[in-house]
**Student:** 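Here it is, the structure, as structure tokens.
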Amino acid sequence: MLEVLSWIKLNCKHICSTWYKWITICSFIVGSFFPFSLFVEGNSCLKPVILIAAGVLIFLLVAFCSYYKRTISIWKKGNGSIEVCYDDLLKIALEDTDKKKIIAIPVNTTFDTIVDDAGTSEPLVSDNTLHGKWLTRCNEWGLSLENIDEQIKKALSDVKVLKTRIQKKRGKLLEYPIGTVVPIKGAHNTIFLLTALSRFDEKNNAQSTSENLSDVIKSLVKYIDENGQGNSLYLPVMGTGLSRMNLEKNEAFHLIKYELLACSLRIHERIMIVIYNDSKNEISIWD
């Protein structure tokens, strides 16, 4: 119950706006075709009670329908669109589809593939991040860490190295610019776009900024415009958690959404922002 109330509070503006539209439509229909006095003639005290009950019922119906709405479109032009949904990104990546689907995975600027747990000294990729979860489950897409490293090396062969991390004790030493994109082909007709979002400091703690996130979105839009071939791109809500960007989930979502809208002239494919179901009370698809 508390979860539902928290969701209603988060989406109150949308619910009230939709409720007002439906109240207006219903009032017009009732007033035009079914004179209200016919139902309460001789008992005028029932009128406000019926009106209030009808208003509450419509509010609850609007809230119920909105709560179970999973996908909305926020922009569309030609074949291009920007949509938002509640779902699981890696679950989408596992679905067998006729068309290819492109899944963005934010990674660090050295494209490390070593996943460490919290007990490791100066750990590299955390198993609590999308990057780490994807690496630990890579076999589900017919991939191995060796194969992933091979594809990364091949894709970066023509990319200018930003610098060499000679102080780094473990993992990869060559660092690439924020926004660098590496495609990884996997099973289930899925292509993963590893996208450099954060830099590791001297203790391998990921560091990133909102400017970095903006650069990543622009880079992904550019890549999908040039290489997407009409296939859908799925984006996670990046910039929260261990990236140390200090953005709330709703703030990160809005930043991604507005950056995509700013790049809309280059969008000719379907781009879907995927919000995890457990973030439903923190991010509103209606804002």
**Student:** Let me have the donor-acceptor pairs involving side chains of residues 182-197, under 3.5 Å, with sequence neighbours excluded, atom names and distances please.
**Tutor:**
from: H188; atom 1: ND1; to: L94; atom 2: O; distance (Å): 3.3
from: H188; atom 1: ND1; to: D96; atom 2: OD1; distance (Å): 2.8
from: H188; atom 1: NE2; to: E140; atom 2: O; distance (Å): 3.1
from: N189; atom 1: OD1; to: K100; atom 2: NZ; distance (Å): 3.3
from: N189; atom 1: ND2; to: T97; atom 2: O; distance (Å): 3.0
from: N189; atom 1: ND2; to: D98; atom 2: O; distance (Å): 3.0
from: T190; atom 1: OG1; to: A93; atom 2: O; distance (Å): 2.8
from: T190; atom 1: OG1; to: K101; atom 2: NZ; distance (Å): 3.2
from: T190; atom 1: OG1; to: H188; atom 2: O; distance (Å): 3.1
from: T195; atom 1: OG1; to: L193; atom 2: O; distance (Å): 3.2

**Student:** Short question: side chain of S279, backbone of E282 - any donor-acceptor pair under 3.5 Å?
**Tutor:** no
**Student:** Applying a strict under-4.5 Å side-chain criterion to I, L, V, M, F, W and Y, I'd like to know whether L174 and I148 cluster together.
**Tutor:**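 Yes, L174 and I148 fall within the same hydrophobic cluster.
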**Student:** Apply ring pair (Phe, Tyr, Trp, His ring centres under 6.0 Å) to Y276 and list each qualifying residue two or more places apart in sequence or on a separate chain.
**Tutor:**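 Y276: no ring pair (Phe, Tyr, Trp, His ring centres under 6.0 Å) contacts found.
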**Student:** In the structure I gave you, are the side-chain heavy atoms of N147 and E150 within less than 4.5 Å of one another anywhere?
**Tutor:** yes
**Student:** Say you draw a straight line from CD of Q151 to CG of L156; how long is it, rounded to the nearest 0.5 Å?
**Tutor:**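 Answer for the CD-CG pair, Q151 versus L156, is 11.5 Å.
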**Student:** Nearest 0.5 Å please: distance from the NZ atom of K172 over to the OG1 atom of T109.
**Tutor:** 11.5 Å
**Student:** Within the structure provided, determine whether I178 and E211 are in side-chain contact (heavy-atom separation under 4.5 Å).
**Tutor:**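 SC-SC contact between I178 and E211 ruled out.
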**Student:** Could you state the interatomic distance from CD1 (I271) to OG (S81), rounded to the nearest 0.5 Å?
**Tutor:** 8.0 Å
**Student:** Once rounded to the nearest 0.5 Å, what's the spacing between atom NE2 of H268 and atom CG of D225?
**Tutor:**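 Between atom NE2 of H268 and atom CG of D225 there are 5.5 Å.
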**Student:** Side chains of residues 252-259: which donor-acceptor pairs under 3.5 Å do they make with residues two or more places apart or in other chains?
**Tutor:**
from: K257; atom 1: NZ; to: D287; atom 2: O; distance (Å): 2.3
from: E259; atom 1: OE1; to: S214; atom 2: OG; distance (Å): 3.1

**Student:** Please name all residues satisfying ring pair (Phe, Tyr, Trp, His ring centres under 6.0 Å) with F111, sequence neighbours left out, ordered by chain then number.
**Tutor:** none
**Student:** Answer whether the closest heavy-atom distance between the side chains of L260 and I273 falls below 4.5 Å.
**Tutor:** yes
**Student:** How about L162 and R199: do any of their side-chain heavy atoms sit closer than 4.5 Å?
**Tutor:**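 Counting from C-beta outward, L162 and R199 do come under 4.5 Å.
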**Student:** How far apart are the closest heavy atoms of D116 and R170, and which atoms are they?
**Tutor:**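 Taking every non-hydrogen atom into account, OD2-NH1, 3.0 Å.
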**Student:** Would L235 and V107 show up in the same hydrophobic cluster when neighbours are defined by side-chain heavy atoms closer than 4.5 Å?
**Tutor:**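 Different hydrophobic clusters.
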**Student:** Treating K99 as the side-chain partner and G230 as the backbone partner, does any N or O pair qualify as donor plus acceptor under 3.5 Å?
**Tutor:**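 Yes: the side chain of K99 pairs with the backbone of G230.
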**Student:** Take R165 and D112 through the salt bridge (charged side-chain N to carboxylate O under 4.0 Å, His left out) test and state the conclusion after the steps.
**Tutor:** CA-CA 12 Å; R165 298 286 299 276; D112 281 303; over 6 Å; no
**Student:** Using the side-chain contact (heavy atoms from CB on, under 4.5 Å) rule, pick out the option among I74, T71, V274, I283 that qualifies with V84.
**Tutor:**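 So, applying the side-chain contact (heavy atoms from CB on, under 4.5 Å) to V84 and each of I74, T71, V274, I283, only I74 qualifies.
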**Student:** Could you check whether D149 and T113, counting side-chain N and O atoms only, form a donor-acceptor pair closer than 3.5 Å?
**Tutor:** yes
**Student:** Nearest 0.5 Å, what's the CD1-CD1 distance between I72 and I285?
**Tutor:** 4.5 Å
**Student:** Working to the nearest 0.5 Å, report the span between CD of E146 and SG of C138.
**Tutor:** 8.5 Å
**Student:** Side chain to side chain contact (heavy atoms under 4.5 Å, CB included) with K77: which residues, sequence neighbours excluded?
**Tutor:** W75
**Student:** When you look at CD of E226, are more than 12 heavy atoms from neighbouring residues, nucleotides or ligands closer to it than 6.0 Å?
**Tutor:** yes
**Student:** Show every ring-ring contact (aromatic ring centres under 6.0 Å, His included) that has at least one partner inside residues 198-239, sequence neighbours left out.
**Tutor:**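 Residue pairs passing ring-ring contact (aromatic ring centres under 6.0 Å, His included), neighbours aside: none found.
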**Student:** With clusters defined by side-chain heavy atoms of hydrophobic residues (ILVMFWY) lying less than 4.5 Å apart, directly or transitively, does W134 cluster with L220?
**Tutor:** no
**Student:** Examine distances only and state if a side-chain atom of S219 and a backbone atom of D215 form a donor-acceptor pair shorter than 3.5 Å.
**Tutor:** no
**Student:** Over all heavy atoms of both residues, which pair between T110 and N108 is shortest? Give the atoms and the distance, please.
**Tutor:** OG1-ND2, 2.6 Å
**Student:** Identify whether V221 and I105 are in the same connected component of the hydrophobic contact network (ILVMFWY, side-chain heavy atoms under 4.5 Å).
**Tutor:**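 No; tracing contacts between hydrophobic side chains, which count when under 4.5 Å, never links both residues.
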**Student:** Can I217 be reached from I224 by stepping across I, L, V, M, F, W or Y side chains whose heavy atoms are under 4.5 Å apart?
**Tutor:**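 Per the 4.5 Å side-chain linkage, I224 and I217 are co-clustered.
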**Student:** Does any part of the side chain of E269, heavy atoms only, come nearer than 4.5 Å to the side chain of I102, both counted from C-beta?
**Tutor:**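 The answer is no; the side chains never approach within 4.5 Å.
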**Student:** Step by step, would you call M238 with L130 a side chain to side chain contact (heavy atoms under 4.5 Å, CB included)?
**Tutor:** CA-CA 9 Å; M238 300 173 276; L130 178 60; over 6 Å; no
**Student:** Let's go through E83 and R270 carefully: what are the C-alpha distance in whole Å and the side-chain angles of both, what is the deciding distance for side chain to side chain contact (heavy atoms under 4.5 Å, CB included) to 0.1 Å, and is it a yes or a no?
**Tutor:** CA-CA 8 Å; E83 300 176 33; R270 175 176 176 249; 3.3 Å; yes
**Student:** Is there a side-chain contact between Y176 and V161 (heavy atoms, below 4.5 Å)?
**Tutor:** yes
**Student:** Can you find a pair of side-chain heavy atoms, one from M272 and one from D87, that are under 4.5 Å apart?
**Tutor:**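 No. Closest side-chain heavy atoms not under 4.5 Å.
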**Student:** Taking side chain as C-beta onward, heavy atoms only, is P106 less than 4.5 Å from S198?
**Tutor:** no
**Student:** Pick out which of I103, I275, V237 makes a side-chain contact (heavy atoms from CB on, under 4.5 Å) with L89.
**Tutor:** I103
**Student:** List the atom of S264, the atom of L261, and the distance in Å for their closest heavy-atom pair.
**Tutor:** OG-O, 3.0 Å
